[in-house]
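The basis for the numbers below is simple: all heavy atoms, side chains too, and nothing from hydrogens, waters or symmetry mates.
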Amino acid sequence: VGFLAILCWASSLSALQGARSPTTPGGEKLDASVLEYLATAAPDEFLPVDVVLAEQSQAEWIGAMAALTSKTDRRELVTSILKSAVASSQDPLVRFLEARRAEGRVRGRVQQLWIHNVVASQMTSSVIRELVARPDVALVHYDPPRGAEVLASAPVVQARNVPTCG
């Protein structure tokens, strides 16, 4: 995946903020699929979600990076800036989620994504409801599992005459 493709993906996450429901308490921070889940979820049921933090890097400076002539320099600078910017903003949320893990209400990996300041994990409805009260959370959206359904439809490729190292 190219670096510009990743930046485009990151900016598309901002569009998700349009799919919220202000009619439910905290609904302005939840997308429609999370709201639907909360209406029917059992207390011990887990939902994989992405938590978009309120603090985001400014798009203007990303455009300014285009002035750098070297693609390698641009990549290194943007990566460095994004990673350092999200580290401090994600730490309190990650500690919160790890505390909920100790209570059995978060499971799986707590994944920190620096490209758009997102933290992903599987959590119960009670944790999701706690998230909407946090000022550092902008949006919680459903992150459906991907993989098996995509791989099942992929054609099988058989390699022939492939050199080996042995």
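Of all non-hydrogen atoms in Y37 and M123, the two that sit nearest each other are OH-O, 4.1 Å. Pairing each heavy atom of R129 with each of V132, the nearest pair is O-CG2, 3.0 Å. Across all non-hydrogen atoms, the minimal contact from V127 to L97 is CG1-CD2, 4.0 Å. Residues F46 and G104 come closest through the heavy atom pair CZ-O, 3.4 Å. Taking each heavy atom of S125 and A41 in turn, the nearest pair found is CB-CB, 4.4 Å. In this structure, P48 and Y142 approach most closely via the heavy-atom pair O-CD1, 3.4 Å.
In this structure, the side chain to side chain donor-acceptor pair (under 3.5 Å) partners of S126, at least two apart in sequence or on a different chain, are R105, T124. Residues passing the side chain to side chain donor-acceptor pair (under 3.5 Å) test with Q112, sequence neighbours excluded: Q90. Scanning for side chain to side chain contact (heavy atoms under 4.5 Å, CB included) contacts around P43 gives an empty result, with sequence neighbours left out. With sequence neighbours excluded, no residue satisfies side chain to side chain contact (heavy atoms under 4.5 Å, CB included) with S80. Under the salt bridge (charged side-chain N to carboxylate O under 4.0 Å, His left out) criterion, D91 pairs with no residue, sequence neighbours left out. A search for side chain to side chain donor-acceptor pair (under 3.5 Å) contacts involving E98 returns R101, not counting sequence neighbours. Legend: residues meeting side chain to side chain contact (heavy atoms under 4.5 Å, CB included) with E76, ordered by chain and number and at least two apart, are T72. With sequence neighbours excluded, no residue forms a side chain to side chain contact (heavy atoms under 4.5 Å, CB included) with E36. Contacts of Q122 classified as side chain to side chain donor-acceptor pair (under 3.5 Å), with partners at least two apart in sequence or in another chain: R107.
Taking CG of L53 as the reference point, atom CG of L93 lies at 5.5 Å (rounded to 0.5 Å). One distance of note links CG of L82 with CG of L77; it measures 9.5 Å at 0.5 Å rounding. Here F96 contributes atom CZ and E130 contributes atom CD; the two are 4.0 Å apart, rounded to the nearest 0.5 Å. To the nearest 0.5 Å, atoms CD1 (I115) and NZ (K83) are separated by 9.5 Å.
Side-chain atoms of E55 never come within 3.5 Å of backbone atoms of V86 as a donor-acceptor pair (strictly under, hydrogens ignored). With hydrogens and angles disregarded, no donor-acceptor distance shorter than 3.5 Å links the side chain of K29 to the backbone of L131.
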